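Remarks on the structure that follows.
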Amino acid sequence: MTDRRTGGHKRFVPGLFEPRTEEELVKKAWSLAGAPLSELARAQGLEIPESLVRAKGWVGQLVERALGATAKSLAEPDFRELGIELKTIPVDRRGHPKESTFVSSIALGELAADSWETSRVRKKLARVLFVPVEAEPSIPIANRRLGAPLLWSPSEAEEHRLRADWQSLAGLIQSGYAESITAHAGECLQVRPKAKDSRARTKYQDADGADELTLPRGFYLRATFTRDLLGAHFSLPKP
DNA sequence: TATTGATCATGC
DNA sequence: GCATGATCAATA
């Protein structure tokens, strides 16, 4: 690991080791393939949580920093200069994703003027570095290993499928039917809650154009979709 | 066991 | 509330 803190100073300077090229980033990611989370945590001087219940974003942030991403909460790609978004994927013993992948929240109130071409989903998914991470409950968090990284951009076929789902789902939202959408809809994209809890509310306009409040939602990639992406790949050694 | 709906932490 | 980072946990 080359992550370190500035000599004599307490503040970590993320930009200092930010990969300058795509090749550099991918090479770095490959160098971490097989490494247990304990190794990354130790290099960063971090305590390993006993449970992820109250640390759901911990693994993602750990990998971000290990790869030199700037840990800001800005609406920009993790690797801004490279235009690359980083996503860690929790996988089972076969290397199959255990969870869907959050893509973006949905501006329920102002999606009307949006199109697939200008959508946040398309922008976010333009270039993604997927890093699988073991997530079997039986494996202690410290021992969970990183898998082989996959730098991905949608193929024509994949973008076609994503666009179809987006247009279908966004169309319903634009027409005021956000509340009729369940996670069952969508072949590769789905709409699910993205909120503090089920009581959270955000503004939207119903089918009659009246201002209403509803549960904030986000776009997610189905686990079956990311499984297929990683499928042609190899993520982890078989047991 | 795969999936859906709910939930957790943090910064601004 | 919305952006970042996601996983939990009940149910189909």
Side-chain angles (χ1 to χ4, degrees), chain A residues 11-12 14 37 40-41 44 46-80 84-111 114 119-121 123-125 128-141 144 146 169 178-204 211-228 231:
Chain A
R11 202 165 63 81
F12 180 64
L37 297 183
L40 280 64
Q44 296 176 33
L46 297 177
E47 296 270 329
I48 296 171
E50 293 197 9
S51 161
L52 296 183
V53 170
R54 297 190 178 280
K56 296 183 178 181
W58 188 79
V59 173
Q61 292 172 352
L62 182 74
V63 175
E64 267 189 357
R65 295 183 61 140
L67 292 175
T70 53
K72 299 173 292 187
S73 75
L74 300 177
E76 292 173 350
D78 296 293
F79 298 94
R80 193 178 183 288
I84 295 175
E85 179 74 18
L86 174 67
K87 292 290 185 188
T88 55
I89 302 274
V91 295
D92 63 20
R93 62 186 70 251
R94 294 136 58 201
H96 290 183
K98 289 179 61 89
E99 299 289 345
S100 55
T101 300
F102 174 69
V103 180
S104 77
S105 62
I106 303 174
L108 291 168
E110 46 186 306
L111 194 61
D114 210 0
S119 71
R120 296 159 71 190
V121 172
K123 192 166 189 175
K124 283 255 186 179
L125 299 181
V128 183
L129 179 65
F130 289 105
V131 176
V133 179
E134 283 181 317
E136 286 288 340
S138 61
I139 305 176
I141 295 173
R144 296 180 185 180
L146 302 197
L169 295 166
E179 294 192 319
S180 71
I181 301 176
T182 71
H184 294 282
E187 183 187 311
C188 47
L189 266 184
Q190 62 183 167
V191 170
R192 303 231 306 281
K194 172 63 174 177
K196 182 177 186 298
D197 55 44
S198 60
R199 280 98 65 191
R201 289 295 181 268
T202 189
K203 292 179 184 176
Y204 88 110
D211 289 328
E212 300 288 353
L213 292 174
T214 192
L215 183 63
R217 295 143 215 263
F219 282 114
Y220 293 75
L221 289 179
R222 284 188 177 281
T224 50
F225 184 75
T226 52
R227 184 192 63 197
D228 291 345

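Quick note on labels: first sequence line is chain A, next is B, and so on, each numbered from 1. Values reported hereafter were calculated over all heavy atoms of this structure, with side chains retained and with hydrogens, waters and symmetry mates removed. This structure is a prediction, so every number in the text was calculated from the model and none was measured.
Shown here is K124(A), whose NZ atom has more than 12 heavy atoms of other residues, nucleotides or ligands within 6.0 Å. Residue-environment remark: CD (E50(A)) stays at or below the threshold of 12 foreign heavy atoms within 6.0 Å.
Atom CD in Q190(A) sits about 11 Å away from atom C1' in dA2(B), given to the nearest Å. Distance, F219(A) CZ to dG5(C) C1': 20 Å, rounded to whole Å. Residue F102(A) contributes atom CZ, which lies 16 Å from atom P of dA6(B) at whole-angstrom precision. If you take CG of L215(A) and P of dG1(C), they are 10 Å apart, rounded to a whole angstrom. Regarding E50(A), its CD atom lies at a distance of 19 Å from the P atom of dT7(C), rounded to whole Å. Between the CD atom of E99(A) and the C1' atom of dG5(B) there is a distance of 12 Å, given to the nearest Å. Distance, I141(A) CD1 to dG5(C) P: 20 Å, rounded to whole Å. D228(A) places its CG atom 13 Å from the P atom of dA2(B), with the value rounded to the nearest Å.
The phosphate of dT4(C) (OP1 or OP2) has a side-chain N or O of K124(A) nearer than 4.0 angstrom. At the phosphate of dT1(B), neither OP1 nor OP2 sits under 4.0 Å from any side-chain N or O atom of R94(A). Under 4.0 angstrom from either OP1 or OP2 of dG5(B) there lies no side-chain N or O belonging to R192(A). Regarding contacts with the backbone of dT4(B), a side-chain N or O of R222(A) is found under 4.0 angstrom from either OP1 or OP2. An OP1 or OP2 oxygen of dA6(C) is reached within less than 4.0 angstrom by no side-chain nitrogen or oxygen of Q61(A). At dT3(B), none of the side-chain N or O atoms of H184(A) fall inside 4.0 Å of OP1 or OP2 (strictly under the cut-off).
When each of dG5(B), dT7(C), dA6(C) is scored by its nearest atom to the side-chain atoms of Y220(A), the top-ranked nucleotide is dA6(C). Of the candidate nucleotides dC8(C), dA6(B), dG5(C), dG5(C) has the atom nearest to the side chain of E85(A). Distance from the side chain of D78(A) is smallest for dG5(C) among the nucleotides dT7(C), dT3(B), dG5(C). Among the nucleotides dA3(C), dC8(B), dG5(C), the one closest to any side-chain atom of R54(A) is dC8(B).
Contact record, E47(A) with W58(A): O-CZ2, 3.5 Å, taken as the closest heavy-atom pair. Shortest non-hydrogen contact noted between I139(A) and R144(A) is O-NE, 2.8 Å.
Not a single donor-acceptor contact under 3.5 angstrom links the side-chain atoms of K194(A) to the base of dG5(B). You won't find any donor-acceptor pair under 3.5 Å spanning the side chain of K56(A) and the base of dT10(B), going by distance alone.
Judged by distance alone, the side chains of T214(A) and R201(A) never bring a donor and an acceptor atom under 3.5 Å apart.
The backbone N or O of G95(A) lies less than 3.5 Å from a partner atom in the side chain of D92(A), making a donor-acceptor pair.
Looking at residues 195-204 of chain A, you'll see A195(A), K196(A), D197(A), S198(A) sit with a heavy atom under 4.0 Å from some atom of DNA chain B.
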Given R222(A) and T101(A), is the side chain to side chain donor-acceptor pair (under 3.5 Å) satisfied, shown in steps? CA-CA 7 Å; R222(A) 284 188 177 281; T101(A) 300; over 6 Å; no
The test is side-chain contact (heavy atoms from CB on, under 4.5 Å); show your working for R217(A) and S105(A) and say whether it passes. CA-CA 6 Å; R217(A) 295 143 215 263; S105(A) 62; over 6 Å; no
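Ranked by how close their nearest DNA chain B nucleotide is to the 5' end, A55(A) and S100(A) are led by S100(A). With the nearest nucleotide of DNA chain B identified for both G57(A) and I181(A), I181(A) has the one nearer the 5' end. Judged by closest nucleotide on DNA chain C, R120(A) is the one of R120(A) and R144(A) placed further toward the 5' end.
Counting any heavy atom pair closer than 4.0 Å across all strands shown, T88(A) reaches sugar-phosphate atoms only and no base atom. Within 4.0 Å (heavy atoms only), G60(A) reaches sugar-phosphate atoms of the nucleic acid but no base atom. Nucleic acid contact for T101(A): none, since no nucleic acid atom lies under 4.0 Å from a heavy atom of the residue.
The one candidate from L46(A), V59(A), L62(A) that meets the side-chain contact (heavy atoms from CB on, under 4.5 Å) condition with L40(A) is L62(A).
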